Amino acid sequence: MAEAAPLYDTYSRAPLRFERGEGVWLITESGERYLDFGAGVAVTSVGHGNPHVVAALKEQADKVWHLSNIYEIPGQERLAKRLTDATFADKVFFTNSGAEALECAIKTARRYQFSKGHPERFHIITFEGAFHGRTLATIAAGGQEKYLEGFGPKAPGFDQVPFGDIEAVRAAITDATAAILIEPVQGEGGVRPATSEFMKALRRICDENGLLLILDEVQTGVGRTGKLFAHEWSGITPDIMAVAKGIGGGFPLGACLATAEAASGMKAGTHGSTYGGNPLAMAVGSAVLDVILADGFLEHVRDVALVFRQGLASLKDRYPDVIEDIRGEGLLLGVKAAVPSAELLQAIRAAHLLGVPAGDNVIRLLPPLVVTAEEAREGLVRLERAAESIRAAKIKKTA
């Protein structure tokens, strides 16, 4: 009898073992090269083994790794200043993950209303199809039954409405509402972008009703859509924003950003993290920003995204029996399959291309932001190979 695996059985892992990475490529233990258009689910923003980021990590590793927030950490102040200079925010709280950044955002919004004399205002309006993390609060915010099942009563205070339905948002507001929480593009939910008009309407509703607007930019932020943050496309700013994934380039790092007013209720002792903002994470995060904020980098993302999007549209036209739709923004793109998405995912892996499954029968394509136009075209070649193999299998089956 085979020995039981020592890991929790919570993942359905692909039978691939990668030994090293180079830019947009991953190499298996046996030396096979895969074009990585999953990027660790939009995490390896500046590519695998980025020399500048690796150097920053090694330099800091020779100094000090961990201190805890009992002491001042200069790297936190430096990175927070860079983030506030580049965004709407005045205040930053550093975390280790996106879920933790969302927890901080939720607590910040509730504490704000409490500090203003409204303890009854703790409900947050969220949207169907959302994904905000795996903690008890964030699965309640996401509201998806598959993540809630078996974990006891749903954490209270989250009121879900249909994505994109502004009248449903208005109808959901009560005297207990504190904030609205939304992903500018739903990633896990199937790469569904909110329109600029919808984002602007949410901002107006918050202003009219004394609510805070919270954005989950864990997947959409740090250049992924071609702007530093996705909300910039709609010309609005939030009160609170959760960031993670790409900001660490692969090192565990998240952040909750807020205006001074929104963060005014978060006094000493109201929140904390043992590891959040550790010196290693701060060194890596700052090095990632060096790359992302360099002159021309975001323009590069937009240019490559245009090449990639046009190529995907062409594949959709030529393989309508395999690809139903192309959606998304920048280098956060989704291929809605006309066949079971698991079948398409298997076919692209067979072509040595990596993607990420999502809801609504979608495969996400999320290459590192350093991807070149030539590498994007190579990805298109491999996707076409996958589509052709599916079509051939269909023909053989019906013959």
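Note that the structure is a prediction, hence the values are computed from the model and not measured.
- Side-chain contact annotation: Thr259 with Asp239, donor-acceptor N/O pair under 3.5 Å absent.
- Under the ring pair (Phe, Tyr, Trp, His ring centres under 6.0 Å) criterion, no residue pair touches residues 206-254, with sequence neighbours excluded.
- Judged by distance alone, with hydrogens and angles left aside, the side-chain atoms of Gln113 form no donor-acceptor pair with the main-chain N or O of Pro119 at under 3.5 Å.
- Residues Phe127 and Phe198 bring their aromatic ring centres within 6.0 Å.
- Asp216 and His132 share a side-chain donor-acceptor pair at under 3.5 Å.
- By the neighbour-count criterion of 12 heavy atoms within 6.0 Å, atom CG of Asp9 is sparsely surrounded, having that number or fewer from other residues, nucleotides or ligands.
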Return a table of donor-acceptor pairs under 3.5 angstrom between the side chains of residues 178-187 and protein atoms on other chains or two or more places apart.
residue: Glu183; atom: OE1; partner: Phe131; partner atom: N; Å: 3.2
residue: Gln186; atom: OE1; partner: Arg192; partner atom: NE; Å: 3.1
residue: Gln186; atom: OE1; partner: Arg192; partner atom: NH2; Å: 2.8
residue: Gln186; atom: NE2; partner: Glu128; partner atom: O; Å: 3.0

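- Nearest heavy atom pair, residue Thr84 against residue Lys91, reads CG2-N, 4.0 Å.
- Listed for the Thr225 side chain is no donor-acceptor partner under 3.5 Å among the backbone atoms of Glu329.
- Side-chain N/O atoms of Glu261 and Ser264 include no donor and acceptor closer than 3.5 Å.
- Of all heavy-atom pairs spanning Ile348 and Leu354, the tightest one is CD1-C, 4.4 Å.
- For His52 against Val291, the heavy-atom pair with the smallest separation is CD2-CG2, 4.3 Å.
- Between the side chains of Tyr147 and Glu188, a donor-acceptor pair is found at a separation under 3.5 Å.
- Of the possible polar contacts, none joining the Arg224 side chain to the Leu332 backbone as a donor-acceptor pair under 3.5 Å is found.
- The neighbour count for Gln346 CD, taken as heavy atoms of other residues, nucleotides or ligands under 6.0 Å away, does not exceed 12.
- For an aromatic pair to be called close, the ring centres must be under 6.0 Å apart, and Phe158 with His123 fails this.
- When all heavy atoms are compared, the tightest approach of Gly133 to Ala99 is CA-CB, 4.1 Å.
- Counted by atom type alone, Arg385 and Ser389 present zero donor-acceptor pairs between their side chains at under 3.5 Å.
- The side-chain heavy atoms of Asp321 and Lys394, taken from C-beta on, include a pair separated by under 4.5 Å.
- Rounding to the nearest 0.5 Å places SG of Cys104 at 12.5 Å from CZ of Arg111.
- Distance CZ/Arg364 to CG/Leu333: 12.0 Å, rounded to 0.5 Å.
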